[in-house]
Amino acid sequence: MTMLSKISSSLLLSLSSKPKPKPICNPFLLSRSAATKHQKNKKENAKAALAKEKRRTRSDKQFNRDAIIERCRINDIDTDTKFSHVPVMLGEVLDVFSNSTLTSFVDCTLGAAGHSTAVIRGHPELKYLVGMDVDSLAHDIAQPRLDAVLNAGVKAITVLRNFRDVKSVLREIAELHLLGVDAILMDLGMSSMQVDDPARGFSVLGDGPLDMRMDPQASLKAEDILNSWPDSEVGRILREYGEESNWRTLQKKIVNARLYGGLHSTSDLLDLIRRVTPPMKGGRQGWIKTATRVFQALRIAVNDELKTLEDSLYSCFDCLAPGGRLAVISFHSLEDRIVKQTFLNIIKGREDVEERESLNSVLRNTSDEIKEKEAWIKQVIYGSNGTILTKRPITPSGEEEKLNRRSRSAKLRVIQKH
């Protein structure tokens with residue numbers, strides 16, 4: 001009996017220790033599984049793309065490349081294959097103001113005067129043009145271009161000021177201060193002459209100082225933030241302004257770099273980002289995207305862009321005449337979020353219920369009339385103080401995005417004062 005139990009035990013042991021057969025791989029089944037996964041990913045991508053389209057209104061404005069180049073040639077604006085200095089969404093901006101009689105126009109971000117010169121040409125009734133920019137180089141380029149299209153009936157005033165000072169600037173022009181302005185434009189994008197100049201430190205593609213000042217006379221530089229600001233502030237800037245998921249690692253490496261002399265050029269910062277960014281598919285694209293977010297965060301912090309933008313939106317709306325319009329072109333989600341929310345805050349009112357119901361009836365009729373006259377207006381949000389003419393932001397046409405890559409992230413929102 002004992003012998004039998006031993007034999008049984010050894011037999012069971014040998015059976016259990018016998019290697020299990022490997023599963024047979026069926027290439028057909030694997031290929032079907034891969035195809036199913038691919039189809040699932042394709043559906044998810046299509047769903048995400050559809051959701052994105054629903055959050056915006058794609059412009060159906062035809063982007064006429066030849067007409068843009070000709071307009072730039074007439075205005076002495078340099079053009080090349082990259083569409084250097086060509087204003088973004090020019091046709092859409094002209095549409096916003098085309099149905100109005102403009103006697104006054106304020107360009108809060110004059111740049112190379114691309115939008116302003118087009119508005120002057122499209123509105124012979126214009127009497128006042130005010131151009132604001134903190135960059136003296138922009139004024140040097142814009143002034144002769146404005147002079148080339150101005151007529152004797154237009155009084156043009158260009159000032160080396162930030163758009164946060166729009167109220168004080170217009171206060172010095174008696175007629176505009178009393179009556180208000182018919183149209184105001186804010187193009188929040190950086191001009192090509194700023195991005196393409198390595199000495200300004202804005203681009204991830206060139207080597208230059210860590211400057212990033214929009215106003216060359218300002219004191220704070222990106223280099224100061226990286227090398228001397230508290231650790232927590234550096235982290236906050238990367239997290240909030242760059243929306244960078246890897247901000248903790250970047251913060252530690254930036255602070256640690258101070259022990260070895262600090263970061264003093266864009267190349268120093270880019271080398272650090274390359275070392276920190278985990279490898280991923282696409283190689284170069286991985287660290288380039290991280291670098292873009294880091295550079296954006298630093299630029300926003302150096303120029304206090306978000307707080308300045310919010311305050312300026314309220315100031316610009318206050319400066320509008322009844323029926324006047326404020327158009328804003330933003331280029332990243334942080335800006336667009338502020339523009340969207342501030343517009344909503346602006347149009348809110350404090351009337352009682354009866355007054356509000358009466359006002360809503362009038363505004364519905366008014367907005368219907370506006371949409372009938374202007375095809376670009378699709379959906380509006382009306383309030384007691386004004387009407388948002390772009391419930392969803394307008395984005396560039398597909399054609400413009402192909403020909404002018406810097407326009408891809410642009411979003412246009414418009415508000416009209418009652």
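As a basis for the values below, the full set of heavy atoms in this structure was taken, side chains included, without hydrogen atoms, waters or symmetry mates.
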Participant: Between Val339 and Lys411, is there a side-chain heavy-atom distance shorter than 4.5 Å?
Facilitator: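 When only atoms from C-beta onward are counted, Val339 and Lys411 do not touch, as no gap falls below 4.5 Å.
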
Participant: Are Arg58 and Glu401 ion-paired here, with the side-chain N under 4.0 Å from a carboxylate O?
Facilitator: yes

Participant: What residues form a salt bridge (Lys or Arg N to Asp or Glu O under 4.0 Å) with Asp271, not counting sequence neighbours?
Facilitator: Arg274

Participant: Inspect the surroundings of NZ in Lys417 and state if more than 12 heavy atoms from other residues, nucleotides or ligands are less than 6.0 Å away.
Facilitator: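 Counting other residues, nucleotides and ligands, NZ of Lys417 exceeds 12 neighbours.
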
Participant: Applying side chain to side chain donor-acceptor pair (under 3.5 Å), can you list everything that pairs with Lys307, at least two apart in sequence or on another chain?
Facilitator: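 Here the qualifying residues are Asp311.
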
Participant: Can you give the donor-acceptor pairs under 3.5 Å from side chains of residues 215-222 to other protein atoms, not counting sequence neighbours?
Facilitator:
residue, atom, partner, partner atom, Å
Asp215, OD1, Gln217, N, 2.9

Participant: Under the side-chain hydrogen bond (donor to acceptor under 3.5 Å, both in side chains) criterion, do Asp165 and Ser168 qualify, and how do the steps go?
Facilitator: CA-CA 5 Å; Asp165 301 322; Ser168 60; 4.6 Å; no

Participant: With sequence neighbours left out, write down each residue that passes salt bridge (Lys or Arg N to Asp or Glu O under 4.0 Å) with Arg164, or none if nothing qualifies.
Facilitator: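 With sequence neighbours excluded, Arg164 shows a salt bridge (Lys or Arg N to Asp or Glu O under 4.0 Å) to no residue whatsoever.
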
Participant: Thr57 versus Thr390: any side-chain heavy-atom pair under 4.5 Å?
Facilitator: no

Participant: Quick one: which of Ile388, Thr387, Leu389 gives a side-chain contact (heavy atoms from CB on, under 4.5 Å) with Tyr382?
Facilitator: Thr387

Participant: Taking only residues two or more places apart in sequence or in another chain, which ones pass salt bridge (Lys or Arg N to Asp or Glu O under 4.0 Å) with Arg236?
Facilitator: Glu233, Glu240

Participant: Not counting sequence neighbours, which residues clear salt bridge (Lys or Arg N to Asp or Glu O under 4.0 Å) with Lys378? List them please.
Facilitator: none

Participant: For the residue pair Phe163 and Thr308, establish whether any side-chain heavy-atom pair is separated by less than 4.5 Å.
Facilitator: yes

Participant: Decide yes or no for Ser312 and Cys108: does some side-chain heavy atom of the first lie under 4.5 Å from some side-chain heavy atom of the second?
Facilitator: no

